[in-house]
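What follows is a set of notes on a single structure, which appears directly below.
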Number of protein chains: 2
Amino acid sequence: MYTVKELGDLTGLSSRTLRYYDSINLLSPAELSESGYRLYDKRSVDRLQQILFYRERGLPLKEIKRILDDPSFDEIKALQKHRRQLIEEQKKLSQLISTLEKTLIEKKGTITMSDKEKFEGFKKVMVDENSRIYGEEVEAAYGSEKLNKANKQILKMSEKDFDKWKILEKYIISTLKNLLERDVISDEEKSTLGGMHREWLSFTWDTYSTAMHEGLVEMYLADDRFKAYYDDRAGNGAAEVLVNAVKVYTKELHENQPK
Amino acid sequence: MYTVKELGDLTGLSSRTLRYYDSINLLSPAELSESGYRLYDKRSVDRLQQILFYRERGLPLKEIKRILDDPSFDEIKALQKHRRQLIEEQKKLSQLISTLEKTLIEKKGTITMSDKEKFEGFKKVMVDENSRIYGEEVEAAYGSEKLNKANKQILKMSEKDFDKWKILEKYIISTLKNLLERDVISDEEKSTLGGMHREWLSFTWDTYSTAMHEGLVEMYLADDRFKAYYDDRAGNGAAEVLVNAVKVYTKELHENQPK
DNA sequence: TTTAAACCTTAACGTTACGTCAAGGTCAAG
DNA sequence: CTTGACCTTGACGTAACGTTAAGGTTTAAA
């Protein structure tokens with residue numbers, strides 16, 4: 001049995017918040033002590049965990065209450081949905097960090113960003129409760145129209161992404177080809193190429209670190225298969241140029257001389 | 001020049017929000033049209049981007065205004081701080097997903113969780129404007145490698161994912177090869193390797209628990225075929241290094257104690 | 001050329017999810 | 001037996017908008 005303070009410390013919530021949740025009947029204590037203290041038990045704790053997962057996803061408390069109090073509520077399915085949503089959220093964050101890093105480099109004067117690019121990653125992950133948790137019921141009731149629309153959007157998106165991914169790769173290779181014909185390559189050009197490669201990478205890697213990026217391209221050199229891939233497509237020495245470009249790019253991310 | 005709606009569409013904000021930001025002097029339009037329409041220019045757009053980065057980190061608008069209006073405000077430094085903070089946020093999310101996955105496994109009846117474990121990852125990332133100004137090295141030390149993404153398994157493994165899977169495996173092996181040539185391997189490096197292995201694993205495993213992860217790598221040692229697989233590719237003793245690395249990684253996950 | 005849709009404006013009230021007193025009761029430790 | 005850290009129920013405050021109302025402007029089509 002936990003008191004409000006204890007449960008608050010456990011979860012990071014304030015006592016006031018727990019009292020508020022009681023007042024709106026979102027989370028009532030298991031019982032009251034003789035002197036009227038709220039006492040929470042294991043079941044409350046589990047319910048609170050669910051509440052916080054939903055809250056983390058940005059659902060209003062009223063909606064959370066509706067969902068949790070629904071007799072057909074399926075805890076496991078809800079948790080799986082949470083996981084998908086959080087993974088989406090993580091993607092958004094990665095995107096945001098990527099936008100931020102691009103901005104950083106832009107401020108240092110080597111690239112320019114479109115206004116649209118400046119806000120990639122900010123927009124909210126869509127929270128559509130109806131389309132999955134009660135997927136079957138919704139479909140039964142309203143036909144599969146709404147559901148299909150949602151699903152189609154995901155498919156369409158990834159198809160588009162896939163195209164973008166391939167285009168980006170082609171672009172990298174043609175840039176490499178261009179640069180190989182030149183005697184001198186400026187750091188700016190290298191950084192731009194490194195950034196392109198990073199963007200290409202971000203389609204397949206959800207998390208990014210400069211160390212890992214450098215490690216990957218170093219592997220390009222060590223592994224003949226990868227080296228051959230770039231050399232074949234863009235010309236001899238292409239892999240080396242790319243590795244060098246990525247290093248310039250990651251170095252710029254770490255340094256902080258303005259302009 | 002953008003009107004409210006246009007800027008709103010660009011950023012994902014509502015017109016009302018932009019009008020509100022104007023009313024509190026957080027973001028004023030560059031000028032007003034003849035008929036009184038708000039018109040935003042490039043400078044507004046850049047300022048708005050900064051505002052949104054701060055907002056994403058959870059700072060109250062009043063504080064954001066104070067920071068941006070401070071004459072000593074350094075845009076580049078601010079962006080770098082955003083980056084560190086967002087990476088921190090990413091870490092929290094990974095932790096949360098891990099908690100969620102543990103909960104899922106618990107619900108399926110194979111493990112039990114302490115009440116404390118049930119809330120790991122919920123607590124807010126500290127938003128401390130003043131601390132950590134001198135933390136550039138910290139950033140280098142804990143890159144986001146450790147922050148692995150959970151299961152891609154939701155979707156069937158696409159061609160794209162399959163490539164990533166193979167690249168990741170190559171990368172693990174080349175890291176192993178590197179580490180084998182060294183006398184001392186830090187816990188950081190081990191943990192990073194363990195995290196990579198987990199990410200690799202997540203392509204084929206639906207759910208994750210540290211116990212399962214440990215169990216799997218222990219099997220690597222017991223089963224000669226697995227041991228040979230890594231030893232052949234990365235050198236003698238590679239399997240042991242990997243097992244050790246995974247143990248460091250899972251231990252860190254349990255202790256929730258970075259560094 | 002007019003007319004309807006889709007913008008824009010200010011003003012004002014509503015809402016969510018709490019924070020913050022205030023005034024008082026309870027409990028374990030010293 | 002007193003002190004300090006808890007707890008209680010109000011009740012008002014607040015941040016960051018959403019929403020509605022009442023009306024003016026722009027644009028593109030009929």
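Throughout, a chain's letter reflects where its sequence line sits, starting with A, and its residues are numbered from 1.
In this structure, the OH atom of A:Tyr54 is 16 Å from the P atom of C:dA17, given to the nearest Å. Between the CG atom of A:Leu39 and the P atom of D:dC6 there is a distance of 16 Å, rounded to whole Å. If you measure from atom OH of A:Tyr2 to atom C1' of D:dC6, you get 18 Å, rounded to the nearest angstrom. Rounded to a whole Å, the CG atom of B:Leu18 is 15 Å from the P atom of C:dC7. In this structure, the OH atom of B:Tyr37 is 9 Å from the P atom of D:dT27, given to the nearest Å. Atom pair B:Asp9:CG and C:dC7:C1' shows a separation of 12 Å (rounding to whole Å applied). The CG-C1' distance, from A:Asn25 to C:dT16, rounds to 17 Å in whole Å. We find that CG of B:Leu13 is positioned 13 Å from P of D:dA16, with the value rounded to whole Å.
Nucleic acid contact for A:Arg19: base, since at least one base atom lies under 4.0 Å from a heavy atom of the residue. No contact: B:Ser33 has no heavy atom under 4.0 Å from any strand. Counting non-hydrogen atoms under 4.0 angstrom, B:Leu61 reaches the backbone sugars and phosphates but no base.
For the pair A:Glu34 and A:Tyr21, nearest-nucleotide mapping onto DNA chain C gives the more 5' position to A:Tyr21. Each of A:Asp22 and B:Ser35 lies near DNA chain D, and the nucleotide nearest A:Asp22 is the one positioned closer to the 5' end. Nearer to the 5' terminus of DNA chain C, by closest-nucleotide assignment, is the contact made by B:Glu6 (compared with the other of B:Glu6 and B:Arg16).
Counting heavy atoms from C-beta on, the side chains of B:Leu79 and B:Gln50 come closer than 4.5 Å. Annotation: side chain of A:Arg38 is not in contact with side chain of A:Tyr2 (no heavy-atom distance under 4.5 Å).
For A:Ser14, a side-chain nitrogen or oxygen approaches OP1 or OP2 of C:dG19 to under 4.0 Å.
In the set C:dG19, C:dC27, C:dC18, C:dC18 carries the atom at the smallest distance from any side-chain atom of A:Tyr20. Each of C:dC8, D:dT26, C:dT9 was ranked by its minimum atom distance to the side chain of B:Lys5; first place goes to C:dC8. When distances are taken from the side chain of B:Arg55 to each of C:dC27, D:dT25, D:dC17, the shortest belongs to D:dC17. With C:dC8, C:dA17, D:dT9 as the candidates, the nucleotide lying closest to the side chain of A:Pro60 is C:dA17. Nearest to the side-chain atoms of A:Arg38 among the listed nucleotides D:dT8, D:dC17, C:dC8 stands D:dT8. In the set D:dC17, D:dC6, C:dT9, the nucleotide with an atom closest to the side chain of B:Thr17 is D:dC17. In the set C:dC7, C:dT16, D:dT9, C:dT16 carries the atom at the smallest distance from any side-chain atom of A:Lys62. The listed nucleotides are C:dC27, D:dT9, D:dC7; the one nearest the side chain of A:Thr3 is D:dC7.
A salt bridge does not link A:Asp41 to A:Arg47: none of the charged side-chain nitrogens sits closer than 4.0 Å to a carboxylate oxygen. A salt bridge links B:Lys92 with A:Glu56; the closest basic N to acidic carboxylate O contact falls under 4.0 Å. A salt bridge links A:Lys5 with A:Asp9: the distance from a Lys NZ or Arg NE/NH1/NH2 to an Asp or Glu carboxylate oxygen falls below 4.0 Å.
Under a 3.5 Å cut-off, the side chain of A:Glu6 and the backbone N or O of A:Thr3 do form a donor-acceptor pair.
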